[in-house]
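Here is the structure we will look at, set down as structure tokens.
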Amino acid sequence: MRTFSNETPNKHGDKATVQGWVHSRRDHGGLIFIDLRDHTGLVQLTIRPEAKQAFHDAQGLRDEFVVEAVGTVTERDEKLKNPNISSGDVELVVDTIRVLNKSEALPIQVNTSQTINEDSRLRYRYLDLRRSAMQRMLKKRAEMYTVMRHYMDALDFTEITTPIIANSSPEGARDFLVPSRIHKGQFYALPQAPQQFKQLLMVGGVHRYYQIAACFRDEDPRADRLYGEFYQLDLEMSFVEAGEVVRETTEPLIKKLVTEFAGKKLLSDDIPRIPYHEAMDRFGSDKPDLRIGMELNDLSTDLKDCGFGVFSNAIQNGGVVKAIVAQKLFSRSEIDKLTERAKADGAGGLPYMTVENGRAVSSITKFFSDQELDTIISNLGAQDGDTIFFGSDVRSKVNKVLGSLRSHLGDVLDLKDPSVIALAWIIDFPFYEMDEKTGKLDFGHNPFSMPKGGLEALESDDKLAIVADQYDMVMNGYEICSGGVRNHNPEVLYKVFGVLGFDEDYVESKFGAMLNAFKFGAPPHAGCAFGVDRILMELLGEDNVREVVAFPKNGSGVDVMMQSPSTVDQQLLDELELSHTPQNTE
RNA sequence: GGGCUCGUAGUGAAGUGGUUAUCACGCCUCCCUGUCACGGAGGAGAUCGCCGGUUCGAACCCGGUCGAGCCCGCCA
């Protein structure tokens, strides 16, 4: 029993039984219309007074009552057809109606197009999910999973689930801990990623592994980052090099998702590989949105002797002067707002020039020679009607400020075409990075990646020059995939941690299983993991990941519907020998 | 932990110092035989997040607090 689905069209004169929710009721006194909704959409029920009992019953119906109606499918008169719903050519003239369940007045309306506060939507997510947009989203996620599974299966990948109750890992994000009842004082942890398990599968002779894996991280969320748990298409391959993962396995899949699954256009069919440092220099970001032009240009050489102290001093102190060109003249107040943003990112200010009649116009042009001004315009290729924004400081700060400004201007100038997907690989990440505050060396990215050059590279003096055999994919400014050629050599793994001052005992205590495994014939292997929530968000044109998840936590890590986290029974705490300091007990 | 923005009937919004806080949707009652966001008449529903202060007078100004969203930190 179902409503009017596209697969089984109902014809004029058919008897039909339909079940669903009352989407809206239009009571004309002597004639009642009900829009009945189920997962396939809407159908109009027409209840005439001749069907005496049904008419009486229909008068008592309210929004979101669950009902079953029996009647006759009837072709509507031409002028009564409703092109807005798929079953709009017909209606069900009802004989009998049965209320399967009633509904109280709703806290949030299902049949409305007005925006509803996210807090209310999440509190009543089961009502929110009844809305067609959310139904569509759930279907699309399932469809995406199917595309992924078919693709991986066809490439001889084996789907293997790895433990959810696992071990705390010392590097990376904050863990969710799970206390052990049997082993007092000890803890499991929910995995941040199946990283170690999948590498152990490679050692275990699994040729190609994948799973759509739940990952758990206790870090503060963002619009593009869920709190607590998220899903990755996690894959790993043995006896391969980077190219086989990147070109032969993941690129065809992601292109298929962009074009066939999402119906969007690729900015370019060839997916560029951009070294990390080049990305930072050109875009001020390691996850650039390539739909936006406006690359960062280095003017340090041209302006090192200029009369503008802010610039020349920055350059003399080892910094840089860079600029981006926006194709718009901004108002004073717009400039002020942009300046505020730049300052929030750490800039001292936001110098700018406009281009009018081929000449630079600005309150600061007086500090520059005519030749310098001409050089600025010609090197940037700036045209009349453009605004040039400058950044001057140490390279990393200029990149950050102008990179952030570039992305923002991409929104302001409407340069992010939602029908276009721009992909890029960012490669050659620094293996180690210097913490600017503490001056200490730390991992730049994934410590399990193979350093390019292996043991030899690790012994070089310039640790910051060591590059990881690692590749991240960027989609429209979001990191959607991270992968690498793994370090399968125990000697190199000891050394990787040794550079940071960790001795062999430490490495063995934290990664003993993997180290041991690598001593028994670990095959070379490589892989990656796609963030499926983020991919779905971008492919569905959403700007918040919570929109593509059935039951997300809110921005404070709270499930306002289920009211988790929550306190637990004392007995449970006693069994685990856990105690806690009570918060104010109201 | 920090910054910015916000908090007004069930929902979404208006109201920037002055009688009884406005509107739309929803809800309740009545009328209505072709609507599809049906229409019409009437009605109920708000301690303006909470606490304190300034003022003759506060939804509005100030301080604090709680909650939400976005961002920074954080996210190998």
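Labels below follow one simple rule: chain letters A, B, ... track the order of the sequence lines, proteins then strands, and each chain is numbered from 1.
Using a 4.0 Å cut-off between charged side-chain N and carboxylate O, A:D345 and A:R341 make no salt bridge. Ion pairing between a basic and an acidic side chain is recognised when a charged N comes within 4.0 Å of a carboxylate O; A:E504 and A:K495 show no such pairing. The pair A:R26-A:D35 meets the salt-bridge criterion, with a side-chain N (NZ, NE, NH1 or NH2) lying under 4.0 Å from an Asp/Glu carboxylate O. Taking 4.0 Å as the cut-off between side-chain N and carboxylate O, A:D63 and A:R25 do not count as a salt-bridged pair. Between A:R37 and A:E64 a salt bridge is recorded (basic side-chain N to carboxylate O distance below 4.0 Å). The pair A:K452-A:D428 meets the salt-bridge criterion, with a side-chain N (NZ, NE, NH1 or NH2) lying under 4.0 Å from an Asp/Glu carboxylate O. By the 4.0 Å N-to-carboxylate-O rule, A:E229 lies too far from A:R217 to be salt-bridged with it.
In this structure, the ring of A:F389 has its center less than 6.0 angstrom from the ring center of A:F330. Between A:F216 and A:F230, the ring center distance fails the sub-6.0 Å criterion.
For the C1' atoms, the distance linking B:rU33 with B:rG45 amounts to 33 Å, nearest Å. Taking atom C1' in both B:rG40 and B:rG49, one finds a spacing of 38 Å when rounded to whole Å. Look at the P atom in both B:rC61 and B:rU8: the space between them is 15 Å, to the nearest Å. Distance noted for atom C1' between B:rA37 and B:rG12: 15 Å (whole Å). Comparing B:rC50 with B:rG73, their P atoms are spaced 35 Å from each other, to the whole Å. Comparing the same atom, P, in B:rA44 and in B:rC28 gives a spacing of 16 Å after rounding to whole Å. Between the C1' atoms of B:rC48 and B:rA59, the separation comes to 4 Å (whole Å). Between B:rG15 and B:rU22, the two C1' atoms lie 7 Å apart (nearest whole Å).
B:rC30 and B:rG40 make up a base pair, with Watson-Crick or G-U wobble contacts both under 3.5 Å. Base pairing of B:rC50: its partner is B:rG64, meeting the Watson-Crick or G-U wobble criterion (both donor-acceptor distances under 3.5 Å). Pair check for B:rC25 finds B:rG10; Watson-Crick or G-U wobble, both atom distances under 3.5 Å. B:rC56: Watson-Crick or G-U partner is B:rG18, with both key distances under 3.5 Å.
You won't find any donor-acceptor pair under 3.5 Å spanning the side chain of A:N544 and the base of B:rG69, going by distance alone. For A:R225 against B:rC75, a side-chain-to-base donor-acceptor contact under 3.5 Å is present. With hydrogens and angles ignored, a donor-acceptor pair closer than 3.5 Å exists between the side chain of A:R76 and the base of B:rC36.
Here A:R26 reaches the OP1 or OP2 of B:rC38: one of its side-chain N or O atoms lies under 4.0 Å away. The phosphate of B:rC72 has OP1 or OP2 within less than 4.0 Å of a side-chain N or O from A:R222.
Regarding A:R341, its CZ atom lies at a distance of 13 Å from the C1' atom of B:rU5, rounded to whole Å. Note: CG (A:D218) to P (B:rC74) measures 16 Å, nearest angstrom. In this structure, CG of A:L31 is placed 16 Å from P of B:rG39, rounded to the nearest angstrom. Per the geometry, CG belonging to A:D442 stands 10 Å off P belonging to B:rC74, to the nearest Å. Rounded to an integer number of Å, the gap from CG of A:D559 to C1' of B:rG67 is 16 Å. As a whole-Å value, the separation of A:I85 CD1 from B:rC38 P is 12 Å. If you measure from atom CG of A:N554 to atom C1' of B:rC70, you get 14 Å, rounded to the nearest angstrom. Distance CZ (A:R123) to P (B:rG67): 12 Å, rounded to an integer number of Å.
Contact annotation for A:S113: no contact, since no heavy-atom pair falls under 4.0 Å across all strands. Within the 4.0 angstrom heavy-atom criterion, only backbone atoms of the sugar-phosphate kind lie near A:P107; the bases stay farther away. Note on A:R546: only backbone sugar-phosphate atoms sit closer than 4.0 angstrom, heavy atoms only; bases stay farther off. Counting any heavy atom pair closer than 4.0 Å across all strands shown, A:I116 reaches sugar-phosphate atoms only and no base atom. Residue A:N117 is in sugar-phosphate contact alone, with no base atom involved, counting any heavy-atom pair closer than 4.0 Å across all strands shown. Among the heavy atoms of the strands lying under 4.0 Å from A:P49 is at least one base atom, whether or not backbone atoms are also near. Within 4.0 Å of A:F443, counting heavy atoms only, lie sugar-phosphate atoms of the nucleic acid but no base atom. If you check every strand for non-hydrogen atoms under 4.0 Å, A:S556 touches sugar and phosphate atoms only. Here A:Q195 lies in heavy-atom contact (under 4.0 Å) with a base.
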- Could you write nucleotides 25-30 of chain B as a row of B, S and -, 5' to 3', where a protein heavy atom under 4.0 Å of any base atom gives B, of only sugar-phosphate atoms gives S, and otherwise -? BSSSS-
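Both A:A173 and A:K553 lie close to RNA chain B; mapped to their nearest nucleotides by heavy-atom distance, the more 5′-ward contact belongs to A:K553. Toward the 5′ end of RNA chain B lies the nearest nucleotide of A:A223, the other residue of the pair A:A193 and A:A223 mapping further downstream.
The aromatic rings of A:Y506 and A:F502 lie parallel to each other, their planes meeting at an angle below 30°, with 60° marking the opposite boundary.
Stacking of A:H28 onto the six-membered ring of B:rC38 is present: less than 5.5 angstrom between centres, less than 30° between planes.
Of the candidate nucleotides B:rU33, B:rC75, B:rC36, B:rC75 has the atom lying nearest to any side-chain atom of A:E219. Here the nucleotide nearest the side chain of A:D35, chosen from B:rC74, B:rC36, B:rG12, is B:rC36.
The NE2 atom of A:H23 sits 12.0 Å away from the CG atom of A:D38 when rounded to the nearest 0.5 Å.
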